Amino acid sequence: IVEGYLNKKSAVTGLWQKRYFVLAESATHYCVLRIFGRAVETQWGHAPLNCKTCIPIGDIERVDTVAAKNSKGREFTIKFNNSQRKSATSPSPPLSASASRPSSWLRGNSSPSGSVNSDESATGNIKVTTLQAEDPQTRLLWVTMLNRALSAYWVDLE
């Protein structure tokens, strides 16, 4: 669906790490967000290498824009349920058709200002990861595509 480099803020060091992200269709999870360590250029395009993790779209609860002054319109956050994910090679099982939308699932901003106060944190089984796109247009593309995938996933379950 969409792929490219984004910077991910480290929870440990607070430094930005360049990662290759792929939002793709999945036979078992409707759609997944895969995070790779890097990608190499081939004659057919980028070839992602070193899969760090795979997040089924059903585990993502919300995608928010970040209104911090220093973000220059490039940052956004992904809030997801971290409870079932084991590793990049064993994603969580798909949700059943009887699964209900998380109560915190919203499209758009988490507050009137659109800000989220966590760079990357885990509270219980919920994790918030801050990502940074190359420019505001790329951020808009990622936020739009993730929200469309979330909407389609929940409509499909209903």
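Here the structure is a predicted model, which means the values were calculated and not measured.
The local environment of CD in Glu25 is sparse, with at most 12 non-hydrogen atoms from other residues, nucleotides or ligands closer than 6.0 Å.
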Would you please test Phe80 and Ile60 for side chain to side chain contact (heavy atoms under 4.5 Å, CB included) and show each step? CA-CA 4 Å; Phe80 60 93; Ile60 296 175; 4.2 Å; yes
For side chain to side chain contact (heavy atoms under 4.5 Å, CB included), just list the numbers for Ile57 and Leu150, CA-CA rounded to whole Å, side-chain angles, deciding distance to a tenth of an Å, and then say yes or no. CA-CA 6 Å; Ile57 198 73; Leu150 281 169; 4.0 Å; yes
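Residues satisfying the side chain to side chain donor-acceptor pair (under 3.5 Å) criterion with Glu41, sequence neighbours excluded, are His46. Looking at residues two or more places apart in sequence or on another chain, you find a side chain to side chain donor-acceptor pair (under 3.5 Å) between Thr13 and Ser10. Applying the side chain to side chain donor-acceptor pair (under 3.5 Å) test to Glu3 and every residue at least two apart in sequence or in another chain returns Tyr20. With sequence neighbours excluded, the residues that form a side-chain contact (heavy atoms from CB on, under 4.5 Å) with Lys72 are Arg74. With sequence neighbours excluded, no residue forms a side chain to side chain donor-acceptor pair (under 3.5 Å) with Tyr30. In this structure Phe21 satisfies the ring pair (Phe, Tyr, Trp, His ring centres under 6.0 Å) test with no other residue, sequence neighbours excluded.
Under the 4.5 Å side-chain heavy-atom criterion for grouping Ile, Leu, Val, Met, Phe, Trp and Tyr, Tyr5 is not connected to Ile55 through any hydrophobic cluster. Under the 4.5 Å side-chain contact rule for hydrophobic residues, Leu49 and Leu23 do not share a cluster. Hydrophobic clustering, with ILVMFWY side chains joined whenever heavy atoms are under 4.5 angstrom apart, keeps Leu131 apart from Val22.
Of all heavy-atom pairs between Asn81 and Ile126, the closest is CA-CD1, 4.1 Å. Nearest heavy atom pair, residue Val32 against residue Pro56, reads CG1-CA, 3.9 Å.
Through direct or indirect side-chain contacts shorter than 4.5 Å among Ile, Leu, Val, Met, Phe, Trp and Tyr, Trp44 is connected to no other residue. Side-chain contacts under 4.5 Å among hydrophobic residues (ILVMFWY), followed directly or transitively, place Trp16 with no other residue at all.
One distance of note links CD of Glu61 with CD1 of Ile78; it measures 12.5 Å at 0.5 Å rounding. For the atom pair CG (Asp64) and OG1 (Thr130), the distance works out to 10.0 Å, reported to the nearest 0.5 Å. To the nearest 0.5 angstrom, Arg19 atom CZ is 11.5 Å from Thr129 atom OG1. In this structure, Lys52 NZ and Gln17 CD are separated by 8.0 Å, a value rounded to the nearest 0.5 Å.
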List the atom pairs, with distances to 0.1 Å, where a side-chain N or O of residues 138-146 and a protein N or O form a donor-acceptor pair under 3.5 Å, not counting sequence neighbours.
{"residue": "Thr138", "atom": "OG1", "partner": "Asp135", "partner atom": "OD1", "Å": "2.8"}
{"residue": "Arg139", "atom": "NE", "partner": "Gly73", "partner atom": "O", "Å": "3.2"}
{"residue": "Arg139", "atom": "NH1", "partner": "Glu75", "partner atom": "O", "Å": "3.2"}
{"residue": "Thr144", "atom": "OG1", "partner": "Leu140", "partner atom": "O", "Å": "2.7"}

